[in-house]
Every structure is written in structure tokens, then in C-alpha cells.
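This report refers to the structure that appears directly beneath it.
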Amino acid sequence: MTAMCSDGRAIHPYSASAAVVGRAMAFSPSAPSPSTPPPQLPHKLDTIRSMDELKQIQAAILKTPSPQSSPVLAKILSFCALSSPHIAHARSLLAHIDNPSLLMYNTVFHSLSRSNRSLVSTSIMFYEDMLEKGLRPDSFTFPYLVKLFANSQALQAGEALHAHAIKMGLDANVYVRNNLMSLYAVCGEVRSIWKLFDGFPERDLVSWTTLISGYTKAGLAKEAVEVFKEMLSENLRADGVTMVAVLSACAELGDLELGRNLHRYIGAREVDMDVFVGNALVYMYSKCGDVDSAYQLFNQMPVRNVVSWNSMISGLVNNREFKQALELFRQMQSEGIEPDAVTLVGVLNSCASLGALELGQWVHAYINRNGIEADGITGNALVDMYAKCGRIDRAMEVFGGMAHKDVYTYTSMIVGLAMHGRGEEALDLFAAMSSAGVKPNEVTFVGVLSACSHAGLVDVGLRHFESMSAAYGLVPQMEHYGCVVDMFGRAGRLDKAQDFISSMPMEPDAFIWGSLLGACRKHGDVALGETVAKRLLDVEPQEEGAYVLMSNLYTAGNRRSDGLRMRKAMRANKVRKTPGCSLIEIDGVIHEFRKGEELHPLAKEVYAMVAEFGRRLNIDSSQDEARHHSERLAMAFGLIGTRPDTPLRIVKNLRVCHDCHSVIKSVSRLYNREIVLRDRYRFHRFKDGWCSCNEFW
DNA sequence: TTAGGGTTAG
């Protein structure tokens, strides 16, 4: 009856020391009896601090006439799942009890299944012990074990267990089966889920729900919705959990019509609208592009938790409502709701898009202060935020400090370097990524190819383009073809660009033609430009791009009247213009300027400042069509509103025009300011009259 | 002592 204790000492359960007995006696002064357990023991177990304390209590139990039925012993066993030395202790304890009950083993499995650690082999060990003791698993044993395996996504072990359940004749039990289905769902084994669902006549709502969410997790949202419809046709009534599952399938599909119907079903069938259902609805509406409904629902929710806020914030982010996302975050703060890592990722994405460096830095500090791991998605979001806010140095720092770099980490960094015109470094990093064994994806190649394009590395870029399919099995998409066209175009190889376009396996879109037309403008090829402009107008007749580029091209080629003709045609055809918009963050507040607009409270001062640097640079304002472009307004505001040594960071939604580019260069020298401008495609860092892009953008 | 649910990037 001697067993090894976890720390290696032999213990004998029936020879507890006098001190232990004395202590135990204090708990139970009267003669111990199984029907009246010592009243203080269970309470004591909740606050137990050391193994010694536990052993003392245990020794007292084992002295009772039938220790195996003591509820305190069961408590000790569940307590033991907390750490591996304790688990070893539980095992030795079970080993020297004469007739441990199935309940005791189930207790152990239950507590093991609630642990966050991977305990697959441990539980198999207990399971084998149990069989050796001549005990047979029941319909409780399997669900615990299956859940345990599901926690670790241990598919093979799960399948073995499934086989054993069949052998024991327990696979028909609906609990066992539903558990197995969810294990297969976690592992993405759709066929196995279906077989379990389809193979037995007895199904309940849980079986249907598990099938629906299994399909959704496996990316088969359409099938999931079909299953839901079939369920309804069998006159089953969905509850909240089922609705959450099917709403998440609906969100994947982006099917707003279906989503509204599901919402109506919830109302009509009086499905309990708990916080899960509310969150799923908010997420569904925002995923389907109906942010207003999402927001309305969010505001009506009687109970909200951090996931509700996260769903709404990330919904706004997905719909590119970044300013609103940040406003909502501020509201969340003022209501005293603690953000978690998911919240902060949404906030960081918004900061990245808006160029809100100060808030982004605040989030970084918050992450550090609260011990949130800056690895994984959070770290990736930080890298992206710093890179997009113009602090490529900080992006590198965070990147360097990350222990686990995945394809997103590398891609964010590569894209960031490319945007900063640091093409060679981007390519070095791409090489390092391969050495680290991280496989690139399509987006990585957008970064690599645009790095080549911005650095003028045509041949290197072409090699990478070809390696996409040859070495990585990736299918180049429109944006990759666009990068290559851009690459040829910038390098002035317009004929090559044309050849390349005709070799494309798909119809070129507006970006492809726009890129080639931009190259025609840059290299003054009016004849080719006219052909390309026609093609661009075929693809998108209502957009301004072709008109503006052609008008500029004519004007540059001394064909002013043709240029004016384009402007007129543009007005006549009611062409849609994307208004230029620039943002600048000062003291954590984001200020927005649109071309020619005077809505800002300090508009008067801003326009006066624009006029001032126009004068000082000797620009004839009547000839300066671009004088009220949004980036100049933002720059003027920055000059007024910050100390003289503060760098200005401006984010623009369109590509910066040539006139503004040269004005900003001059302003950087005149006012001795560093000005960092992110336009639609890349960063420009202006200093002492120079720009980091070297006129290459 | 038994199962099914919502939010995270380039």
C-alpha cells in the first residue's frame, strides 16, 4: 500500500504522523462517520495553500472506514488538477485506495477538462489506470475526456477515444455524440461531424447547433445556413445558442437580407436576447455593411460586455469609420469599461489608418502597463500602427522584440518599409522571412513588389513576381499585376508595360490602366496616353482619374487647349470626384481638412498661413490651382498649432500632386520643419527642401 | 459530475 508521492518521498496513507492526526482531530472532535463529514474540511480546501496542508487533510480522510465515498476526497482529487505535481499526487492517491469509484475518476476527468493546460497524455494515463481497476467508462466519462482532447485539438487521441466509445456501445448516447461532434468541429473534420449527426436517429437542439457551428468554423457558412433551414423545417425551435451560431454563418456570408430575417425570427419566437445574441446581431449587421443597425442595436442592449464594445468598434473599423471607432473607444473609457487586447487591436487599426500616432503610443504604453502581451495580433497591430504613422524606427523596435513572428508580422514590416521607400531593406527582410521558415502569402508579395517598384528594381521585382507561382504556389492577383505594370511604368519602359498587360490572364481593371496612364504622364507620352485613357474610361467612365491625368498630360505637353477640353468634358459628364482630404493630429486630436473647405474653427488663420507661405515662396496665387489642396491646409494648421521643432505628420487620402510636393519641400526649408506626409501610396519625408522619395512616387 | 454561442491583422 505504499505509493510514491509527487516529490519522490514514499508516503503511507495509514501512518500519518501524530501532529497530522492531532490537527485533523481538531476538525472533527467526534468519531468520524461517512454520513457526517467534518464540516470545516470543504471550506478549508478552498483556501488550501500547500501540499503539506492537503496531505494532512487527506491522511485524516483515509483513516475513515470508507474513504472512497468521502466527498472531501473527491474535492481533493479535483483540487489536484491545478498543477502537475498535484496531478501526480492524485494518481498515487487513487492507486492505493482499494475500490476507487467511477465517480472518483469522472471527478478527476472533469477537473482535468477544465484546466487550460494540455493534459491529453495525463488523462490517457488515468483512463488506463481506470480500466486496469476493472472500471468501465460511462456516458459521463466520455464527454469529459472528449472535451479535454478538444481543448488541445488532439484529433488522433479523439478518434481513438471515439473508437473506444463505439466498443463500449456508448456512441449512441446523445451527450457522448454531441461532444464528439464538437471535438471534430474544433479540428475542422466536417465529414466526421456529419457522420455522427446523420448516423443516429436521436438528435437534439445541441446536435443541430454543433453541426451549424462546425460548418461555419470550417468555412462552409452556406451549408451551415442550409442546415439551419432544414432544422426549422423539422419543426424544431431555435434557442439563443442556435441563433448565435447561424448569425455568425450569416455574418460570414455578408447576407444582410438573411440577417434581417434571423433578427425577425428572434423577435417573433421570443428567443431570449442575452448578451451573446445581442453581440452576434451587432457583429452580423456590421459585417453585412449595415453599421447603422449595428449601432442602434448596440445602443439598445440592456447589458453590454467588453465583447459588445469590441464587436461595435471592430465593426466600425471594418466599415472604415475610424474616427467613429475612436470616439466609441473614448466613450468606453469614460464608462469605465476595461479594454482588452481585442479592443486595442481595433483602436490600433484606426490609429494606423488615421495616422493618429499619439493615441497609438498611448495604446502601446497601456499594453506595457497592463502586462498585455505585445506578441501575436497585438504586436502585429503595433508594428502596423507605427509603420503607418511614419515611425518606421519604432515599428522595427517592436518587430525586433517580438518572439513569435508570423506571416502578418513580416508582411506588416515589409509593407511598412516599402511605403517608406526603403525597398532594399524590405527585400532583405523578405529573405530573412524565408530563412525563418515563414511562408509568404499574397499580401506579402504586394509589399515585396511595391518595394521593388518604389526602389526602381525592375528585374528583381520580375523575378519575385515569377517566384510567386513557381516557388510558393500563389496565384498572382490583379494587385500583383498592377505592381509590375507600375514597376515598368516608373522605369519608363512603357512598351514592356503594354506587353505585360496584354499577357494578363484577366481583364485589366481601372488600377492597371490608371497606373499605365500615370506612367504616360510622368514620361510625357501623349499618344499612348490617349489610347490608355480611352481604355480607362471604358472601365470606369464616372471616375475623374482619366480626365485629370490626361488634362495634366496635355498641359505638360504644351497642349493647353486639349487640357481645358478634358476639364470641360469632366464637368459635362458629371464625373465623380473623390474629395482630397488630409488629417493631422495635434495633442491627440485629429483635425480634418478638405480641399477648399473652411469648416475648421481656425479656418481664417489657416488660409492666412497658406497665403503667407505662398507669398514668401513667390508663388503667383492666380496660377496656383493647388493652393488650397487639403495637404497644404493641414500643413498650415500644423505650422500654426505646434512648437517650431515639432515634426508635422499629415495623412492624405489621395496621391500628393506635383505642385504640392514642391511647395512642401520649400516650406520644409523655409520654416525649418520636418514634414512627414503619407499619401495614398507611400511616405514622403520632407526636410531642408528635400524629400525622401527622391521624386520617385 | 455530461454537449452547442459573440469580438482580433497585412
Closest to the [X] side chain, choosing from [options]:
X	options	value
N380(A)	dT7(B), dT1(B), dA9(B)	dA9(B)
V206(A)	dT7(B), dA3(B), dG5(B)	dA3(B)
P143(A)	dA9(B), dT1(B), dT2(B)	dT2(B)

Taking [atom1] from [X] and [atom2] from [N], how many angstroms apart are they, rounded to a whole number?
X	N	atom1	atom2	result
N305(A)	dT7(B)	CG	C1'	9 Å
I313(A)	dT7(B)	CD1	P	15 Å
N106(A)	dA3(B)	CG	C1'	15 Å
M402(A)	dA9(B)	CE	P	14 Å
Y410(A)	dA9(B)	OH	P	21 Å
L180(A)	dG4(B)	CG	P	12 Å
N179(A)	dG4(B)	CG	C1'	10 Å
E338(A)	dT7(B)	CD	P	22 Å

Next on the checklist: Once side-chain hydrogen bond (donor to acceptor under 3.5 Å, both in side chains) is applied, do any residues pair with Q300(A), and if so which ones, sequence neighbours excluded?
Outcome noted: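 Result, side-chain hydrogen bond (donor to acceptor under 3.5 Å, both in side chains) vs Q300(A): none returned.
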
Next on the checklist: Stacking between dA3(B) and Y175(A), yes or no? Criterion: centroid separation under 5.5 angstrom, plane angle under 30 degrees.
Outcome noted: no

Checklist entry - For F140(A) and dT1(B), is the gap between ring centres under 5.5 Å while the planes differ by less than 30°? => result yes

Checklist entry - What pairs meet the side-chain hydrogen bond (donor to acceptor under 3.5 Å, both in side chains) rule with one or both residues in residues 399-423 of chain A, with sequence neighbours excluded? => result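 Every side-chain hydrogen bond (donor to acceptor under 3.5 Å, both in side chains) pair that includes a residue of residues 399-423 of chain A, provided the two are not neighbours, is N380(A)-D406(A), N380(A)-T409(A), D406(A)-T409(A), T411(A)-T444(A), R422(A)-E425(A).
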
Next on the checklist: Can you list, in residue-number order, the parts of residues 145-153 of chain A that come under 4.0 Å of DNA chain B, counting heavy atoms only?
Outcome noted: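 DNA chain B contact set from residues 145-153 of chain A: none.
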
Next on the checklist: Taking the basic N atoms (NZ, or NE/NH1/NH2) and the acidic carboxylate oxygens, is any pair closer than 4.0 Å for K133(A) and D129(A)?
Outcome noted: no

Next on the checklist: OP1 or OP2 of dG5(B) versus the side-chain N and O atoms of K217(A): is any pair under 4.0 Å?
Outcome noted: yes

Item to check | Row check, Y386(A) ring normal vs R391(A) NZ/CZ: under 6.0 Å, within 45° | outcome: no

